[in-house]
Amino acid sequence: MEYDFDLSVFDEKETPKIKNTIKKIDFKDIIIFENEDYILINKPPYLSSLDERTQDKHQSILRLAKEYSDDAQLCHRLDKETSGVLAIAKNPAAYRNLAMQFEAREVAKRYHAISNGVHDFEGVSVYLPIAQLRDGTGVRIDREKGKIAETIFNTLKAYRNYTLVECMPITGRMHQIRVHLQCLKASIVSDPMYGGDDIYLSQIKSKKFNLKNGTEEIPLIRRVALHAHSLTFRLMNGEVLTTEAPYPKDFGVVVKQLDKFG
């Protein structure tokens with residue numbers, strides 16, 4: 001399917017920073033599947049996959065996982081703001097098993113994103129190369145120096161001004177889904193780096209919304225509205241496992257309000 005890609009929106013400006021904190025969590029509370037080889041968790045937003053380079057008091061998934069299981073290794077990563085399914089290997093053999101599946105592109109990853117605008121995607125494939133910006137904070141489309149990247153998009157539900165989109169990354173580049181949606185003029189809600197605007201209840205409820213005098217309305221979600229919804233791969237015995245992660249509170253609130261008023 002051909003699509004009108006918007007490649008005029010890329011520059012190397014620094015990303016607007018979104019500062020948030022996360023309360024200390026109990027690792028057991030975020031486990032959604034576990035056997036002798038793997039732990040699959042529903043990663044909360046604002047929690048880094050790995051220890052950050054800066055002096056940061058925040059926890060990391062890797063640190064929490066190793067406290068729970070000594071030989072734990074992350075099999076892939078999610079951006080700090082992104083929530084959802086993350087796979088952790090409990091031993092070297094399990095890590096190799098999943099790493100080989102990722103390398104062969106045999107792992108099925110499905111993300112849900114809330115996009116600005118109304119879009120009718122049905123198996124829309126974006127195949128555009130990606131290169132990191134000089135400061136490493138983001139990416140851009142670069143046909144000469146970029147690495148191959150492909151994402152397939154489907155519309156799950158279209159609302160009056162927003163769309164719930166299923167995103168299936170075939171490759172695993174940094175910010176791949178975000179920049180590819182920008183190319184489709186469907187930037188993710190609350191993603192200023194790639195052209196995504198905030199979403200407010202007043203925009204959804206329209207005439208039914210009243211704001212108290214002297215108060216300022218805050219966005220329904222204060223992070224990139226992207227959630228890793230499911231992960232499918234083969235276990236050590238060859239059995240195919242699909243694990244789904246429920247929406248976290250902030251993402252779920254937006255979807256609920258859109259379903260009700262959107």
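Because only heavy atoms are used, hydrogens play no part in the values below, and waters and symmetry mates are left out as well, while side chains stay in. The structure presented is a predicted model; accordingly, all values stated were derived computationally and were not measured.
- In the hydrophobic clustering of this structure, Leu62 does not group with Leu40; members are Ile, Leu, Val, Met, Phe, Trp, Tyr whose side-chain heavy atoms approach within less than 4.5 Å, directly or through other members.
- Panel note: side chain Lys147, backbone Arg173; no donor-acceptor pair is recorded below 3.5 Å.
- Distance check: Leu241 CG to Leu235 CG gives 5.0 Å after rounding to the nearest 0.5 Å.
- The closest donor-acceptor contact from the side chain of Gln203 to the backbone of Tyr200 lies under 3.5 Å.
- Closest non-hydrogen pair, Ala228 versus Ala245, comes out as O-CB, 3.9 Å.
- By the 4.5 Å heavy-atom criterion applied to side chains, Arg143 and Leu128 are counted as neighbours.
- Residues Ile199 and Ser190 fail the side-chain proximity criterion, which asks for heavy atoms closer than 4.5 Å.
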Walk me through it: do Asp51 and Ser60 pass the test side-chain hydrogen bond (donor to acceptor under 3.5 Å, both in side chains)? CA-CA 5 Å; Asp51 287 342; Ser60 74; 2.6 Å; yes
Evaluate the side chain to side chain contact (heavy atoms under 4.5 Å, CB included) criterion for residues Tyr95 and Asp37: first the C-alpha distance (whole Å), next the side-chain angles of each, then the deciding distance (0.1 Å), finally the verdict. CA-CA 8 Å; Tyr95 178 82; Asp37 298 307; over 6 Å; no
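- Remark: Lys28 does not engage Asp26 in a salt bridge, criterion side-chain N to carboxylate O under 4.0 Å.
- The two residues Pro169 and Cys167 make their nearest non-hydrogen contact at CD-O, 3.4 Å.
- Judged by distance alone, with hydrogens and angles left aside, the side-chain atoms of Thr163 form no donor-acceptor pair with the main-chain N or O of Ala158 at under 3.5 Å.
- For the residue pair Glu217/Ser202, the side-chain donor-acceptor check at 3.5 Å is satisfied.
- Donor-acceptor pairing under 3.5 Å is recorded for the side chains of Asn97 and Tyr38.
- The minimum heavy-atom distance between Lys109 and Leu231, with the atom names listed, is CG-CD1, 3.5 Å.
- Proximity of Thr171 to Arg105: side-chain heavy atoms (C-beta onward) are separated by under 4.5 Å at one or more points.
- At least one donor-acceptor pair under 3.5 Å links the side chain of Asn42 to the backbone N or O of Pro246.
- If you take CG on Leu133 and CD1 on Ile130, they are separated by 11.0 Å, rounding to the nearest 0.5 Å.
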Would Glu106 and Arg234 count as a salt bridge (charged side-chain N to carboxylate O under 4.0 Å, His left out) here? Give the steps. CA-CA 9 Å; Glu106 296 172 344; Arg234 294 190 312 277; 3.2 Å; yes
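- Ile25 and Phe33 fall into different hydrophobic clusters, defined by Ile, Leu, Val, Met, Phe, Trp and Tyr side-chain heavy atoms under 4.5 Å apart, directly or through other members.
- Between Asp250 and Arg223 there is a salt bridge, since at least one side-chain N of the basic residue sits less than 4.0 Å from a carboxylate O of the acidic one.
- In the hydrophobic clustering of this structure, Ile30 groups with Ile39; members are Ile, Leu, Val, Met, Phe, Trp, Tyr whose side-chain heavy atoms approach within less than 4.5 Å, directly or through other members.
- Taking the six-membered ring for Trp and the full ring otherwise, the centers of Phe102 and His76 sit less than 6.0 Å from each other.
- Both Leu184 and Tyr111 sit in one connected hydrophobic cluster of ILVMFWY residues. Membership requires side-chain heavy atoms under 4.5 Å apart, directly or through other members.
- For the pair Tyr127 (side chain) and Thr151 (backbone), a donor-acceptor distance under 3.5 Å is absent.
- Note that the CD1 atom of Ile218 and the CZ atom of Arg222 stand 4.0 Å from one another [nearest 0.5 Å].
- Atoms CD1 and CG, on Ile88 and Leu98 in that order, are 11.5 Å from each other to the nearest 0.5 Å.
- Judged purely by atom type and a 3.5 angstrom limit, Ser230 has no side-chain atom pairing as donor or acceptor with the backbone of Thr243.
- Using a 4.0 Å cut-off between a side-chain N of Lys or Arg and a carboxylate O of Asp or Glu, Asp259 and Lys157 qualify as a salt bridge.
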Might you work through the side chain to side chain contact (heavy atoms under 4.5 Å, CB included) test for Phe27 and Ile41, ending with a clear yes or no? CA-CA 9 Å; Phe27 188 74; Ile41 64 166; 3.8 Å; yes
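- Nearest heavy atom pair, residue Ala186 against residue His119, reads CB-NE2, 3.3 Å.
- Looking at Pro129 and Ile148, their side chains never come closer than 4.5 Å, going by heavy atoms from C-beta outward.
- Outside the 6.0 Å centre-distance limit, the rings of Phe261 and Tyr159 are not counted as a close aromatic pair.
- Checked by atom type, the side-chain pair Ser125/Glu150 shows a donor-acceptor distance below 3.5 Å.
- The backbone N or O of Leu47 lies less than 3.5 Å from a partner atom in the side chain of Lys43, making a donor-acceptor pair.
- Taking a cutoff of 4.0 Å between a charged side-chain nitrogen and a carboxylate oxygen, Arg178 and Asp79 qualify as a salt bridge.
- Put simply, the residue from Glu244, Glu166, His227 that forms a side chain to side chain donor-acceptor pair (under 3.5 Å) with Arg110 is Glu166.
- Between Pro248 and Ser83, the closest heavy-atom pair is CG-OG, 3.4 Å.
- Side-chain atoms of Thr232 and Val240, non-hydrogen and from C-beta on, do get closer than 4.5 Å to each other.
- Linking ILVMFWY residues whenever their side-chain heavy atoms come closer than 4.5 Å, directly or via other members, leaves Val118 and Val124 in distinct clusters.
- Partner of Tyr68 under the side chain to side chain donor-acceptor pair (under 3.5 Å) criterion, out of Lys90, Arg63, Glu34: Glu34 alone.
- With respect to Ile188, the side chain to side chain contact (heavy atoms under 4.5 Å, CB included) criterion is satisfied by exactly one of Ile114, Leu226, Asn116, Val165: Leu226.
- A distance of 7.5 Å separates CE in Met236 from CZ in Arg96, rounded to the nearest 0.5 Å.
- Taking the six-membered ring where the residue is Trp, Phe153 and His180 present perpendicular rings, their angle passing 60° and hence far from 30°.
- In this structure, the ring of His112 has its center no less than 6.0 angstrom from the ring center of Phe251.
- Among all heavy-atom pairs drawn from Ala131 and Asp142, the shortest one is CB-CB, 3.7 Å.
- Counting only heavy atoms from C-beta outward, the side chains of Val85 and Ile32 approach each other to under 4.5 Å.
- How far CD1 of Ile61 is from OG of Ser48: 9.0 Å, rounded to the nearest 0.5 Å.
- Counting heavy atoms from C-beta on, the side chains of Leu258 and Ile204 come closer than 4.5 Å.
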With side chain to side chain contact (heavy atoms under 4.5 Å, CB included) as the criterion, how do Val189 and Ile221 come out once you've worked through the C-alpha distance, each side chain's angles and the decisive distance to 0.1 Å? CA-CA 8 Å; Val189 161; Ile221 188 169; 4.0 Å; yes
